[in-house]
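Structure record follows, encoded as structure tokens.
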Amino acid sequence: MESYKNHKWFEITDEAKNQIEKLLAKNPGKYAVSLAVQGGGCAGFKYRWGFIDNKEDVGKDDHTEDWHTGKFVVDDASMLYIAGTKIDW
């Protein structure tokens with residue numbers, strides 16, 4: 001049985017990857033761009049975009065997309081809400 005860690009939970013378009021790379025280039029002390037879903041907002045949820053400072057700050061169950069010139073992290077608790085999403089810019 002395939003591990004859920006190897007599952008393709010969401011898609012990141014090339015343009016979104018390009019923008020993530022630009023954000024990381026403008027913030028050289030950051031390890032990755034992150035996305036988390038939190039309770040609140042008018043639809044019951046809000047999306048929190050931010051940065052991960054260090055590799056050690058990524059949780060063991062968090063999902064990381066790494067394409068060598070950029071990194072994108074979604075925390076494990078948010079994966080249920082992100083699954084099937086296309087992330088575009």
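Quick caveat: nothing in here was measured; it's all calculated off a predicted structure. As a basis for the values below, the full set of heavy atoms in this structure was taken, side chains included, without hydrogen atoms, waters or symmetry mates.
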*Between W49 and F72, how do the two ring planes meet: parallel, tilted or perpendicular, split at 30° and 60°?*
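Tilted: the ring planes of W49 and F72 meet at 30° to 60°.
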
*Not counting sequence neighbours, which residues clear salt bridge (charged side-chain N to carboxylate O under 4.0 Å, His left out) with K17? List them please.*
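Residues passing salt bridge (charged side-chain N to carboxylate O under 4.0 Å, His left out) with K17: none at all.
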
*Just jot down the salt bridge (charged side-chain N to carboxylate O under 4.0 Å, His left out) partners of D14, sequence neighbours excluded, or say none.*
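Per chain and number, D14 pairs via salt bridge (charged side-chain N to carboxylate O under 4.0 Å, His left out) with no residue.
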
*For residues 25-35, pull every pair meeting side chain to side chain donor-acceptor pair (under 3.5 Å), keeping only residues two or more places apart or in separate chains.*
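Side chain to side chain donor-acceptor pair (under 3.5 Å) check on residues 25-35 returns K30-D53.
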
Between atom [atom1] of [X] and atom [atom2] of [Y], what is the distance when rounded to the nearest 0.5 Å?
X	Y	atom1	atom2	answer
I52	T64	CD1	OG1	8.0 Å
R48	Q38	CZ	CD	4.5 Å
N18	I12	CG	CD1	12.5 Å

*asked:* Between N54 and D57 (side chain of the first, backbone of the second, donor and acceptor by atom type, cut-off under 3.5 Å), is there such a pair?
replied: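 Judged by distance alone, no pair lies under 3.5 Å.
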
On a heavy-atom basis, which atom in [X] and which in [Y] lie closest, and how many Å separate them?
X	Y	answer
V74	M79	CG1-SD, 3.4 Å
K46	G39	CE-O, 3.6 Å
L35	I82	CD2-CD1, 3.6 Å

*Tell me, please, which residues at least two apart from E15 pass side-chain hydrogen bond (donor to acceptor under 3.5 Å, both in side chains).*
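By the side-chain hydrogen bond (donor to acceptor under 3.5 Å, both in side chains) rule, E15 matches Q19.
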
*side-chain hydrogen bond (donor to acceptor under 3.5 Å, both in side chains) against T13, all qualifying residues, sequence neighbours excluded*: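 D88.
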
*Residues two or more places apart in sequence or in another chain: which of them pass side-chain contact (heavy atoms from CB on, under 4.5 Å) with Y81?*
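For Y81, the residues satisfying side-chain contact (heavy atoms from CB on, under 4.5 Å) (neighbours in sequence not counted) are V37, F45.
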
*Do F51 and V58 share a hydrophobic cluster, counting only Ile, Leu, Val, Met, Phe, Trp and Tyr and linking them when any side-chain heavy atoms are less than 4.5 Å apart?*
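No, it is not one cluster - the side chains of F51 and V58 are not joined through contacts under 4.5 Å.
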
*Establish whether V73 and L80 are linked, either directly or via other cluster members, by ILVMFWY side-chain heavy-atom contacts under 4.5 Å.*
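Per the 4.5 Å side-chain linkage, V73 and L80 are not co-clustered.
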
